[in-house]
Colleague: 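Can you read through this structure? Questions will come right after.
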Amino acid sequence: MIERSKELFERGKKVMPGGVNSPVRAFGSVDAPPRFIERAVGNKIYDVDGNEYLDYIGSWGPMILGHNDPIVLAEVTKACTKGLSFGACTEPEVKLAELICENIPHVEMIRMVNSGTEAVMSAIRAARGFTGRSKIIKFVGCYHGHSDSLLVKAGSGAMTFGDPDSAGVTKGAAEDTLLASYNNLDSVENLFKEHKNKVACLIVEPVAANMGVVPPAEGFLEGLRQLCDENGALLIFDEVITGFRLAFGGAAEFFGVRPDLVTYGKIIGAGMPVGAYGGRRDIMECVSPLGKVYQAGTLSGNPIAMTAGIAMITQLLNDKSVYEKINSLGLHLAEGLKETGYTVNNVGSLTSIFYTEEKVESYDDAIKADTRLFSKVFAGLLEAGIYVAPSQFESLFVNTCFTVDEIDYTINTYKKLLK
Ligand SMILES: Cc1ncc(COP(=O)(O)O)c(C=O)c1O
């Protein structure tokens, strides 16, 4: 029964565009109405009609320790009694920044913001301010939030200037964004040649996770590092999904490639509205009030969000078995899903099943997947109490609260639905 969810959706549609505050939540591309969530604990999420689901979204990644982790909850509850927001300097923001800078070698300085979108937008401004150049390179199919210059359409193979991907984004805002093909170093090299000495930075999801999970090909990230160095451009890893998840030091540590700047999202606030960008000291020293790159925020470094982040990140730092656990659960899920005969990509605790039998190594491969079949399977999974992202082009996220039995149940449900 999902009567209450349906009723709330109808009410929501009258007062919010599409009934939601973020488009994918409307379940527009699947054959099911959205579930309204009331509460969550560990790896389970409960809707307003009292249905329980195994949660493979985990608030889109950050719940590495599961929902309502008792230590995070206790610390946040304590912090709330002291006041919710001051718009002033606080101890927790210094502590969280120290925790990160002292333990991730490529993050020498960091600035807290409020979302992944804001982190990326600000990192790009810093890169442009530092280099004095305008152009940026991004990859078709990589998502970096909804700021104007990153919301550009994939040109059909011809990697030229970007076209706005949304009404309201001007040609001017998008024209400095150059599009390359993920896992294709030649496409990057060509852009650098064509726009010599004009490219400020290249931004990449080191593991693409917004076209479904697509791992970097062998040598791809190293090749990007080299091309950036040869062309005087900064390399930015967008670790909104991979940061603290693949390893404490994110994809940079996992693959052993050092970016100049890195962006984080919800993960560093244990799921609260947080983001951050950081990296080389000489670049970060360009940020206001030290330097001329302006960037600010009333809510940035909010004490409750910082406290949540400290409570989660301290646990990730002190208990390295977290990564062994989630990576082995992720692998178990991926190996099981492969038995359906469809293509499965996996890196650590990130997994995608694509409804195609061909390899998926690029955006062009990913969009060949059968999205009608995805939609059918999605509805069947929900019926069986399994909550996955309502899009073919997202990841399944596991956290430390999953058991092997629950993953086996998930695999068997997929197999039944795909028979
Ligand atoms: C890689 C990546 N970058 C940036 C963002 C934007 O983050 P936010 O939704 O917090 O603005 C996302 C969102 O999931 C993302 O996956």
Side-chain angles (χ1 to χ4, degrees), residues 1-10 12-13 16-37 45-49 51-61 140-143 153-154 165-166 208-214 241 333-334 336-346 350-360 362-398 406-407 409-419:
M1 210 189 62
I2 53 166
E3 293 317 306
R4 183 122 174 80
S5 274
K6 282 186 178 164
E7 181 209 321
L8 286 169
F9 194 39
E10 291 311 311
K13 282 197 273 194
M16 299 185 286
V20 294
N21 283 311
S22 194
V24 73
R25 290 182 205 163
F27 280 27
S29 59
V30 289
D31 294 331
R35 303 312 197 248
F36 280 65
I37 303 305
I45 195 160
Y46 299 86
D47 70 18
V48 287
D49 291 288
N51 300 303
E52 176 186 291
Y53 307 91
L54 283 175
D55 179 17
Y56 283 93
I57 303 181
S59 195
W60 303 91
V140 173
C142 282
Y143 179 65
K153 189 180 268 177
D165 200 21
S166 159
N210 285 284
M211 48 174 115
V213 174
V214 181
I241 298 290
L333 175 66
L337 291 179
K338 277 182 192 160
E339 290 167 20
T340 61
Y342 289 100
T343 296
V344 176
N345 283 352
N346 162 265
L350 300 171
T351 303
S352 281
I353 174 164
F354 294 91
Y355 297 113
T356 167
E357 282 154 31
E358 289 167 36
K359 280 189 185 163
V360 177
S362 67
Y363 175 76
D364 288 339
D365 296 339
I367 56 172
K368 287 185 196 144
D370 180 349
T371 50
R372 286 302 313 156
L373 182 55
F374 175 87
S375 169
K376 253 179 65 188
V377 173
F378 176 85
L381 290 170
L382 264 188
E383 281 289 304
I386 298 168
Y387 187 71
V388 303
S391 161
Q392 165 71 84
F393 304 110
E394 300 284 353
S395 174
L396 294 161
F397 296 94
V398 291
E406 287 165 339
I407 299 218
Y409 167 71
T410 305
I411 294 165
N412 289 332
T413 308
Y414 266 99
K415 282 188 187 162
K416 267 188 224 150
L417 292 167
L418 288 166
K419 234 187 350 218

Colleague: Check whether the ring centres of Y342 and Y355 lie less than 6.0 Å apart, and answer yes or no.
Modeller: yes

Colleague: Check the pair D47, Y53 against side chain to side chain donor-acceptor pair (under 3.5 Å), reporting the backbone distance first and the verdict last.
Modeller: CA-CA 8 Å; D47 70 18; Y53 307 91; 2.8 Å; yes

Colleague: Do Q392 and F354 make a side-chain contact, defined as non-hydrogen atoms from C-beta onward lying under 4.5 Å apart?
Modeller: yes

Colleague: Check whether R35 reaches the backbone of P33 with its side chain - one donor and one acceptor, N or O, closer than 3.5 Å.
Modeller: yes

Colleague: Indicate yes or no for a side-chain donor-acceptor contact from T343 to the backbone of E358 under 3.5 Å, with no hydrogens or angles considered.
Modeller: yes

Colleague: Between N345 and I353 (side chain of the first, backbone of the second, donor and acceptor by atom type, cut-off under 3.5 Å), is there such a pair?
Modeller: no

Colleague: So, T356 side chain and A366 main chain: donor-acceptor pair closer than 3.5 Å or not?
Modeller: no

Colleague: Donor-acceptor pairs under 3.5 Å, side chain of residues 370-385 to any protein atom, not counting sequence neighbours: which ones?
Modeller:
residue, atom, partner, partner atom, Å
D370, OD1, R372, N, 3.0
D370, OD1, L373, N, 3.0
R372, NH2, D31, OD2, 3.4
S375, OG, D31, N, 3.0
S375, OG, D31, OD2, 3.2

Colleague: Taking I45's backbone N and O only, do any of them form a donor-acceptor pair with D55's side chain (distance below 3.5 Å, no angle check)?
Modeller: no

Colleague: So, the side chain of S5 versus the backbone of I2: is there a donor-acceptor pair under 3.5 Å, distance only?
Modeller: no

Colleague: Side chains of N51 and Y46, heavy atoms from C-beta outward: is any pair under 4.5 Å?
Modeller: no

Colleague: Could you walk me through whether I407 and V398 pass the side-chain contact (heavy atoms from CB on, under 4.5 Å) check?
Modeller: CA-CA 9 Å; I407 299 218; V398 291; 4.0 Å; yes

Colleague: Does a donor on one side chain and an acceptor on the other come within less than 3.5 Å for N346 and T351?
Modeller: yes

Colleague: Ring of Y414, cation from K416 - is the NZ or CZ under 6.0 Å from the centre and inside 45° of the axis?
Modeller: no

Colleague: I need the full list of salt bridge (charged side-chain N to carboxylate O under 4.0 Å, His left out) pairs touching residues 336-345, with sequence neighbours left out, sorted by first then second residue.
Modeller: E335-K338, E339-K415

Colleague: Any non-hydrogen side-chain atom of C142 less than 4.5 Å from a side-chain atom of N210?
Modeller: no

Colleague: Let's go through F36 and D49 carefully: what are the C-alpha distance in whole Å and the side-chain angles of both, what is the deciding distance for side-chain contact (heavy atoms from CB on, under 4.5 Å) to 0.1 Å, and is it a yes or a no?
Modeller: CA-CA 8 Å; F36 280 65; D49 291 288; over 6 Å; no

Colleague: Quick one: are V388 and I386 in side-chain contact, heavy atoms under 4.5 Å?
Modeller: yes

